[in-house]
Enquirer: 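Provided herewith is a single structure, encoded as structure tokens, for subsequent inquiry.
Every heavy atom of this structure was used, including side-chain atoms; hydrogens, water molecules and symmetry mates were not. This structure is a prediction, so every number in the text was calculated from the model and none was measured.
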Amino acid sequence: MAKLHRLRLTDRIFFVTATLLPGAPTFSPDEYPILIDAFAESRRHLGFLLCGYVLMPDHWHVLLWPSLPLTISQALKDIRTRCTKSLNRQRGTQGTTGQDQFWDRFVRNRKEFNDRLEYMHLNPVRAGLVEKPEDWPWSSYNNFSLDKSIVAASPIQIDYIHLSDDYRG
């Protein structure tokens, strides 16, 4: 497979999809907290903004905002390395479980940001995992609740941003 050439852009919001290798074991319910911890550690280490996420059995999506000079490739490499190490420790395995490539697109405006967030939050419903997005604990959906106790119980706190109507990524 040819190497994917990425734009050397940063300081934009990216919608990212990362998937497991074909035939790799899917994430089990007790592994989702491990992935959340890897995201949190990477965010503390690198300082990017995590604006939304969903963890699914065989893939995950994030809305991520790396600031200069951090690139999206550096951020994803760190996240995926931490996820792999933690999962291997939990499973007693070695090697990678995720595909080398990831899919990303920088978010061009506020409408696209909201559309991507809604897409992520409805992903578990479309997959038949839950009936309502608030029932899937492994997404940022409940971070947007008006009930502060629901927000506080979310597995990871996201970074809230306000994009103006004239935001252009």
Enquirer: Given the ring of Phe15, does Arg105 sit roughly above its face, with NZ or CZ under 6.0 Å from the centre of the six-membered ring and within 45° of the axis?
Expert: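 Geometry flag: not set, cation outside 6.0 Å or 45°.
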Enquirer: Quick one: list whatever passes salt bridge (charged side-chain N to carboxylate O under 4.0 Å, His left out) with Glu31, sequence neighbours left out.
Expert: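 Glu31: salt bridge (charged side-chain N to carboxylate O under 4.0 Å, His left out) contacts with Arg91.
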Enquirer: If you measure only the distance, is there a donor-acceptor pair under 3.5 Å linking the side chains of Ser154 and Asn142?
Expert: no
Enquirer: Are Asp37 and Arg82 ion-paired here, with the side-chain N under 4.0 Å from a carboxylate O?
Expert: no
Enquirer: List for me each residue that meets side chain to side chain contact (heavy atoms under 4.5 Å, CB included) alongside Ala40, sequence neighbours excluded, and say none if there are none.
Expert: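 Testing Ala40 for side chain to side chain contact (heavy atoms under 4.5 Å, CB included), a comparison that skips the adjacent residues, returns Arg44, Ile156.
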Enquirer: ring-ring contact (aromatic ring centres under 6.0 Å, His included), that's the test. Do Trp136 and Tyr32 meet it? Break it down for me.
Expert: CA-CA 11 Å; Trp136 186 250; Tyr32 290 116; 5.8 Å; yes
Enquirer: Here's one to test your reading of the geometry: is the NZ or CZ of Arg108 within 45 degrees of the ring axis of Phe106 and under 6.0 Å from its centre?
Expert: yes
Enquirer: Please enumerate all residues that pass ring-ring contact (aromatic ring centres under 6.0 Å, His included) together with Tyr119, with sequence neighbours excluded.
Expert: His61
Enquirer: Quiz question: by atom type and distance under 3.5 Å, do the side chains of Asp30 and Ser28 form a donor-acceptor pair?
Expert: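 A donor-acceptor contact under 3.5 Å links the two side chains.
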Enquirer: If I take atom SG from residue Cys51 and atom OH from residue Tyr160, how far apart are they, to the nearest 0.5 angstrom?
Expert: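 Separation between the atoms: 11.0 Å.
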Enquirer: With respect to Ile79, which candidate in Val62, Leu64, Leu35, Leu50 satisfies the side-chain contact (heavy atoms from CB on, under 4.5 Å) definition?
Expert: Leu64
Enquirer: Begin with the C-alpha distance, continue with both residues' side-chain angles, and end with the deciding distance and a verdict on side-chain contact (heavy atoms from CB on, under 4.5 Å) for Leu117 and Ser140.
Expert: CA-CA 9 Å; Leu117 200 57; Ser140 55; 4.1 Å; yes
Enquirer: Drop me the distance from Arg80's CZ to Thr84's OG1, to the nearest 0.5 angstrom.
Expert: 7.5 Å
Enquirer: Is it true that Thr26 and Asp58 share a donor-acceptor pair across their side chains at a distance under 3.5 Å?
Expert: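 Thr26 and Asp58 do not have a side-chain donor-acceptor pair below 3.5 Å.
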Enquirer: So, do Phe102 and Trp60 have ring centers that fall under 6.0 Å from each other?
Expert: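 Ring-ring flag for Phe102/Trp60: false, centres at least 6.0 Å apart.
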Enquirer: Within the structure provided, determine whether Met56 and Asn123 are in side-chain contact (heavy-atom separation under 4.5 Å).
Expert: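 Side chain of Met56 against side chain of Asn123, heavy atoms only: contact under 4.5 Å found.
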